[in-house]
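Before any comments, here is the structure.
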Amino acid sequence: MTEIRVVLPAHLRTLAGVHGEVLLSVAGTELTQRCVLDALEAAYPVLGGTIRDRKTGKRRAFVRFYACEEDLSNEAPDAPLPAVIADAITAGREPFMVVGAMAGG
């Protein structure tokens, strides 16, 4: 198990009843978006369906994922995160960020 930091937008922190970053224990040898989100939803079941669709598992519109200033949103959920990013997240130097995107101009 690896412990990682996850940053949630304010409305999801309120829904989950947390303040600040969330610490999660993530299983597996390779860090993927799916394993991070599975761990998040297991720790905070109230978030189920808010970040990704319950049936398809696809990321919801207007939700983005970032780490190390890189947008990971369009990466495949089961693809291992790039080694540099995974190392920074698992070492605790960088959080995995769930960000609410804005539309319009």
Side-chain angles (χ1 to χ4, degrees):
M1 288 283 210
T2 302
E3 193 164 89
I4 65 166
R5 299 169 21 223
V6 176
V7 174
L8 297 170
H11 65 286
L12 294 182
R13 286 194 313 267
T14 299
L15 186 61
V18 298
H19 302 284
E21 294 179 340
V22 174
L23 289 176
L24 296 177
S25 293
V26 178
T29 56
E30 292 184 316
L31 194 61
T32 66
Q33 287 180 30
R34 186 178 311 278
C35 73
V36 171
L37 297 176
D38 285 349
L40 181 63
E41 290 175 350
Y44 301 96
V46 69
L47 295 179
T50 61
I51 297 171
R52 55 189 177 168
D53 184 86
R54 288 182 194 266
K55 291 181 183 175
T56 66
K58 290 185 179 181
R59 173 180 55 87
R60 294 247 180 231
F62 305 114
V63 174
R64 309 292 292 180
F65 306 129
Y66 289 88
C68 300
E69 299 181 16
E70 295 288 327
D71 186 350
L72 306 170
S73 306
N74 294 320
E75 301 297 321
D78 292 318
L81 296 179
V84 172
I85 293 173
D87 290 344
I89 292 172
T90 56
R93 293 188 308 269
E94 293 285 332
F96 182 90
M97 299 174 64
V98 177
V99 178
M102 298 285 278

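Predicted, not measured: the structure shown is a model, and the values here were computed from it.
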Closest non-hydrogen atom pair between [X] and [Y], with its separation:
X: R60; Y: T50; value: CG-O, 3.6 Å
X: V22; Y: V18; value: CG2-CG2, 3.9 Å
X: P80; Y: E30; value: CG-OE1, 3.4 Å
X: A39; Y: S25; value: CB-O, 3.7 Å
X: L24; Y: A43; value: CD2-CB, 3.8 Å

Check whether L23 and L47 end up in the same hydrophobic cluster, where Ile, Leu, Val, Met, Phe, Trp and Tyr are linked by side-chain heavy atoms less than 4.5 Å apart.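 L23 and L47: separate clusters.
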
Out of curiosity, does V63 fall in the hydrophobic cluster containing Y44 (side-chain heavy atoms, cut-off under 4.5 Å, transitive links)?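 Same cluster: Y44 reaches V63 through Ile, Leu, Val, Met, Phe, Trp or Tyr contacts under 4.5 Å.
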
[X]: which residues meet the side-chain contact (heavy atoms from CB on, under 4.5 Å) condition with it, sequence neighbours left out?
X: Q33; result: F65, L72, E75, L81, F96
X: R34; result: T32, D38, R52, P77, D78
X: T29; result: none

Answer yes or no: is there a side-chain heavy-atom contact under 4.5 Å between L31 and T2?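 Side-chain contact under 4.5 Å: no.
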
Are any of the side-chain heavy atoms of I85 and E69 separated by less than 4.5 Å?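 No, their side chains stay 4.5 Å or more apart.
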
Quick one: which residue pairs count as a side chain to side chain donor-acceptor pair (under 3.5 Å) with a foot in residues 79-96, not counting sequence neighbours?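 Passing the test, one end in residues 79-96: no pairs.
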
Clusters formed by hydrophobic residues whose side-chain heavy atoms approach within less than 4.5 Å: which one holds M1, and what are its other members?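 Grouped by the 4.5 Å side-chain rule, M1 forms a cluster of one, so the answer is none.
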
Only pairs under 3.5 Å count here: list side-chain donor-acceptor contacts from residues 3-16, not counting sequence neighbours, and write none if there are none.
| residue | atom | partner | partner atom | Å |
| --- | --- | --- | --- | --- |
| R5 | NE | E21 | OE1 | 2.8 |
| R5 | NE | E21 | OE2 | 3.4 |
| R5 | NH1 | G92 | O | 2.4 |
| R5 | NH2 | E21 | OE2 | 3.1 |
| R13 | NH1 | L8 | O | 2.6 |
| T14 | OG1 | A10 | O | 3.1 |

Under 3.5 Å donor-acceptor, R64 side chain and D71 backbone: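 The answer is no, because no donor-acceptor pair under 3.5 Å joins these two groups.
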
